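See below for the structure under consideration.
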Amino acid sequence: MNERGFHHHQSDILVIGGGLSGCWAALTAARAGARVLLLEKGYCGTSGVAAPAGPGHWWVPPLPGAREDAVKARLDNAQGLGEARWMHRIMARTWQTLPDIGRHYQYEPDDSGRIRLNALRGPEYLRALRTYCLAVGVQILDHSPVFGLLRDKAGRVAGAHGAHVQGAHGPYRARAGSVILATGGCAFQSRLLGAANNTGDGHLMAAEAGAQFSGMEFSSIFSVVPRNTTMSRAMIYSFARYLDEAGQEIAPDAEGQSFLGLARALSRGWVLCDLSAAPETVRAQLPLISPNVMLPFRRQGIDPFRERFPIDLVGEGTIRGVGGIRLKGENWQTGVPGLYATGDVASRESVTGPISGGGAVNAAWALSSGCLAAEAALAEGHVSTGELEPFTDNEACSNGKNGSDSREKTIRKQIQAVMLDAPTQLSRNAGNLRAARNALENCHDSLTHSTPEGSWRQRQQRRETQALLAVARWCTASALERTETLGMHRREDAIAKASDVPAYHVISSGLEHVQSRREAVHT
Ligand SMILES: Cc1cc2nc3c(=O)[nH]c(=O)nc-3n(C[C@H](O)[C@H](O)[C@H](O)COP(=O)(O)OP(=O)(O)OC[C@H]3O[C@@H](n4cnc5c(N)ncnc54)[C@H](O)[C@@H]3O)c2cc1C
């Protein structure tokens with residue numbers, strides 16, 4: 001700690017975010033002999049969206065033709081946005097590296113006695129990743145939200161600043177040769193399972209350093225949860241039928257992908273879910289494979305396979321959406337010297353196209369992007385020297401008193417009213433998008449950018465509100481820019497068909513003024 005009350009940390013590689021991707025990045029760098037610091041807003045080992053889930057990974061053996069077939073299937077759905085070589089890279093790295101977790105994770109055989117190396121129980125997987133990180137010498141600082149990035153005199157990202165909000169308590173500066181952002185996607189604090197910390201902080205930091213975004217229009221995806229719960233694990237709903245209050249079945253949407261019919265029915269009243277078609281084997285295995293899925297039912301005294309139960313929809317934003325920081329380079333570089341972006345904070349269009357990578361591709365991307373970015377950062381071998389300064393003037397020096405935060409609470413509610421309104425997000429048009437943009441610009445005008453004050457928690461919350469708003473503005477600007485329906489982005493006022501327009505990415509950027517533009521896909 002120095003005279004200004006800052007804790008100082010130094011490492012070769014700084015990883016921000018200790019979820020699936022951050023842990024793989026940190027342990028890869030540490031195994032290669034680097035000094036690694038991992039800063040986590042919550043508690044590494046329980047936070048991030050994989051911890052309460054059961055992540056399956058894209059898992060294709062290197063048998064003749066197998067990966068080519070898998071890539072072809074994915075490219076067919078990617079509608080011009082996918083890239084075969086990125087898909088091959090993440091499949092190969094996942095196959096090579098994932099079994100390493102067996103050093104700290106207890107695999108269990110399935111009913112046929114087979115070990116499924118690619119399907120892990122989230123809570124134990126993340127606990128094992130933490131144990132693995134510590135075993136190879138990663139320094140983990142929990143409850144230490146990062147507020148912003150630091151740059152050196154040459155403008156290279158060379159660290160981060162934030163506050164330890166538990167234990168050592170107080171502001172910190174962390175210097176590093178390179179920084180890997182692994183702060184996850186943003187679900188606008190819907191009640192998506194495990195996503196409370198996923199407020200877009202990394203997107204905001206990256207934008208302040210000059211990064212851009214791609215594919216932010218692919219952020220309109222919703223999941224079913226039992227009403228008044230956060231249980232958004234999706235597998236069981238593949239057997240579901242939905243009925244309105246009058247007992248009328250709600251027909252699936254034409255393309256069978258979106259929940260627009262459910263969203264519209266929910267805006268009129270209750271929707272009931274019927275799981276009676278779930279096979280006996282699934283019913284028997286569910287409590288073992290996904291123990292937490294049954295908890296909300298048990299608590300409410302519902303047998304979900306015999307009784308119909310009310311449901312709701314929760315927004316997933318960019319988590320099981322697609323968009324994020326635009327990558328510029330082969331190894332998850334962001335175009336900002338010294339800064340890498342991995343996992344859900346980065347755009348995954350190259351491996352998912354405009355449809356979700358949830359279920360297999362996202363976890364493979366999180367793992368392999370973490371490993372490959374860490375190796376690239378190490379190969380760069382940059383050593384940070386000289387004075388550092390923050391990119392913006394939001395660095396916190398001392399803890400203050402709790403002040404009123406009613407204005408921010410109101411702004412958060414306004415952001416959510418725009419981004420989590422399922423009927424309009426699932427059926428976008430120029431009118432509702434312009435109304436969304438105006439509402440968000442009003443929020444931007446009223447959100448204070450003054451020097452931070454208040455307690456650490458309040459400063460953290462202010463940063464989160466700024467981040468939520470920034471992500472919402474990029475998503476909305478990008479959705480306005482793409483005037484056709486493509487993947488999860490549905491424009492009910494589309495004139496052209498996506499297949500009639502040469503494939504392009506929507507690039508968004510800017511904080512004070514948000515911009516969006518099209519960029520043709522290079523073939
Ligand atoms: C319910 C559910 C089930 C899923 N199942 C699957 C599946 O079966 N297969 C699949 O491929 N994908 C699945 N996914 C997606 C997959 O879990 C994610 O792609 C993956 O977890 C992304 O990892 P990540 O490290 O990028 O982000 P996260 O796991 O979300 O981790 C981000 C971390 O950054 C931290 N953080 C955020 N801001 C800050 C800050 N300012 N300072 C410090 N730390 C910060 C957070 O606390 C968090 O720990 C699922 C997602 C959900 C929601």
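Here the structure is a predicted model, which means the values were calculated and not measured. Remember, it's 1-based here, ligands and their atoms both numbered in the order they're listed.
Checked against a 3.5 angstrom limit, the closest N/O atoms of A364 and ligand 1 fall outside it. At under 3.5 Å, a nitrogen or oxygen of N362, whether backbone or side chain, sits near a nitrogen or oxygen of ligand 1. Residue contacts with ligand 1: A363 is placed with a nitrogen or oxygen under 3.5 Å of a nitrogen or oxygen of the ligand (distance criterion only). For the pair D344 and ligand 1, the shortest N or O to N or O distance falls below 3.5 Å. Below 3.5 Å of separation, one finds an N or O of L20 facing an N or O of ligand 1. Between T342 and ligand 1, no N or O atom pair is found at a separation short of 3.5 Å. Ligand 1 has a nitrogen or oxygen under 3.5 angstrom from a nitrogen or oxygen of N198. Taking only nitrogen or oxygen atoms, main chain and side chain alike, I16 does not reach within less than 3.5 Å of ligand 1. At a 3.5 angstrom cut-off on N or O pairs, V49 counts as close to ligand 1. Between P145 and ligand 1, no N or O atom pair is found at a separation short of 3.5 Å.
Salt bridge E124/R121: present, at least one basic N to carboxylate O contact under 4.0 Å. By the 4.0 Å N-to-carboxylate-O rule, R74 lies too far from D69 to be salt-bridged with it. Ion pairing of R463 with E208 is present here, as a side-chain N (NZ or NE/NH1/NH2) and a carboxylate O approach within less than 4.0 Å.
The shell of residues lying under 4.0 angstrom from ligand 1, judged by heavy atoms, excludes R463. The closest approach between G194 and ligand 1 stays at or above 4.0 Å for every heavy atom of the residue. Heavy-atom separations between G202 and ligand 1 are all 4.0 Å or longer.
Checking T342 against S21 by side-chain atom types alone, a donor-acceptor pair falls below 3.5 Å. R233 and N292 share a side-chain donor-acceptor pair at under 3.5 Å. Between the side chains of Y43 and R130, at least one donor-acceptor pair of N or O atoms lies under 3.5 Å. A donor and an acceptor atom, one from each side chain of T199 and K41, are located under 3.5 Å apart. Remark: the Q416 side chain and the S190 side chain contain no N/O donor-acceptor pair separated by less than 3.5 Å. Under the 3.5 Å distance criterion, with hydrogens and angles disregarded, no donor-acceptor pair is assigned to the side chains of T28 and E375. At a cut-off of 3.5 Å, with distance as the only test, a side-chain donor of S384 or R175 sits close to an acceptor on the other residue. Side-chain contact of S347 with R326: a donor-acceptor pair under 3.5 Å is absent, judged by distance alone. T352 and R348 share no side-chain donor-acceptor pair at under 3.5 Å.
Paired with H164 under the rule ring pair (Phe, Tyr, Trp, His ring centres under 6.0 Å), one option of H143, H169, H9 passes, and it is H9. Of the listed residues (W365, Y125, W95), just one forms a ring pair (Phe, Tyr, Trp, His ring centres under 6.0 Å) with H57, and that residue is Y125.
Put simply, atom 14 (N) of ligand 1 has no protein non-hydrogen atoms near it, under 4.0 Å away.
Interface of G19 with ligand 1, defined as ligand atoms under 4.0 Å from a residue heavy atom, comprises 25 (O), 29 (O), 31 (O), 33 (C), 49 (O). Close approach of ligand 1 to L39 (heavy-atom distance below 4.0 Å) involves ligand atoms 43 (C), 44 (N). Close contacts between ligand 1 and G343 involve ligand atoms 26 (O) [criterion: under 4.0 Å to a heavy atom]. Which parts of ligand 1 touch P55 is read off a 4.0 Å heavy-atom cut-off, strictly below it: atoms 7 (C), 8 (O). Short contacts between ligand 1 and G54, defined as distances under 4.0 Å to a heavy atom of the residue, involve ligand atoms 8 (O). When each atom of ligand 1 is checked for a heavy atom of G48 under 4.0 Å away, the hits are 28 (P), 29 (O), 30 (O), 31 (O), 48 (C), 49 (O).
Regarding atom 6 (C) of ligand 1, its nearest protein heavy-atom neighbour is G359 N, 3.8 Å. With respect to atom 44 (N) of ligand 1, the closest heavy atom belonging to the protein is K41 N, 3.0 Å. If you check which protein heavy atom lies closest to atom 37 (C) of ligand 1, you get T183 O, 3.5 Å. The protein heavy-atom contact nearest to atom 41 (N) of ligand 1 is D201 OD2, 2.8 Å. Protein heavy atom at the shortest distance from atom 27 (O) of ligand 1 is G184 CA, 3.4 Å. Of the protein's heavy atoms, V146 N, 3.0 Å lies nearest to atom 42 (N) of ligand 1. Scanning all protein heavy atoms for the shortest distance to atom 8 (O) of ligand 1 gives G56 N, 3.0 Å.
When heavy-atom distances to ligand 1 are checked against a 4.0 Å cut-off, S21 comes that close through both its backbone and its side chain. Within the 4.0 Å heavy-atom criterion, both parts of A50, backbone and side chain, lie near ligand 1. If you look at N197 next to ligand 1, the close heavy atoms, those under 4.0 Å, come from the backbone and the side chain alike.
With atom 48 (C) of ligand 1 as the reference point, the heavy atom nearest to it among E40, H143, H57 is part of E40. Of the candidates A119, A182, G17, it is A182 that places a heavy atom closest to atom 32 (C) of ligand 1. The heavy atom nearest to atom 50 (C) of ligand 1, out of those in R320, M205, E464, is found in R320.
F213 and W474 have parallel rings, their planes meeting at less than 30° on a 0 to 90° scale where 60° marks the start of perpendicular.
Taking 4.5 Å as the limit, every side-chain heavy atom of L129 sits out of range of all side-chain heavy atoms of Y105.
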After noting the C-alpha distance and the side-chain angles of L447 and C443, does the key distance pass the side-chain contact (heavy atoms from CB on, under 4.5 Å) rule? CA-CA 6 Å; L447 185 63; C443 291; over 6 Å; no
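To the nearest 0.5 Å, the span separating CG on L192 from CD on E316 amounts to 4.5 Å. With rounding to the nearest 0.5 Å, the separation of CZ in R462 from CZ in F147 is 10.0 Å.
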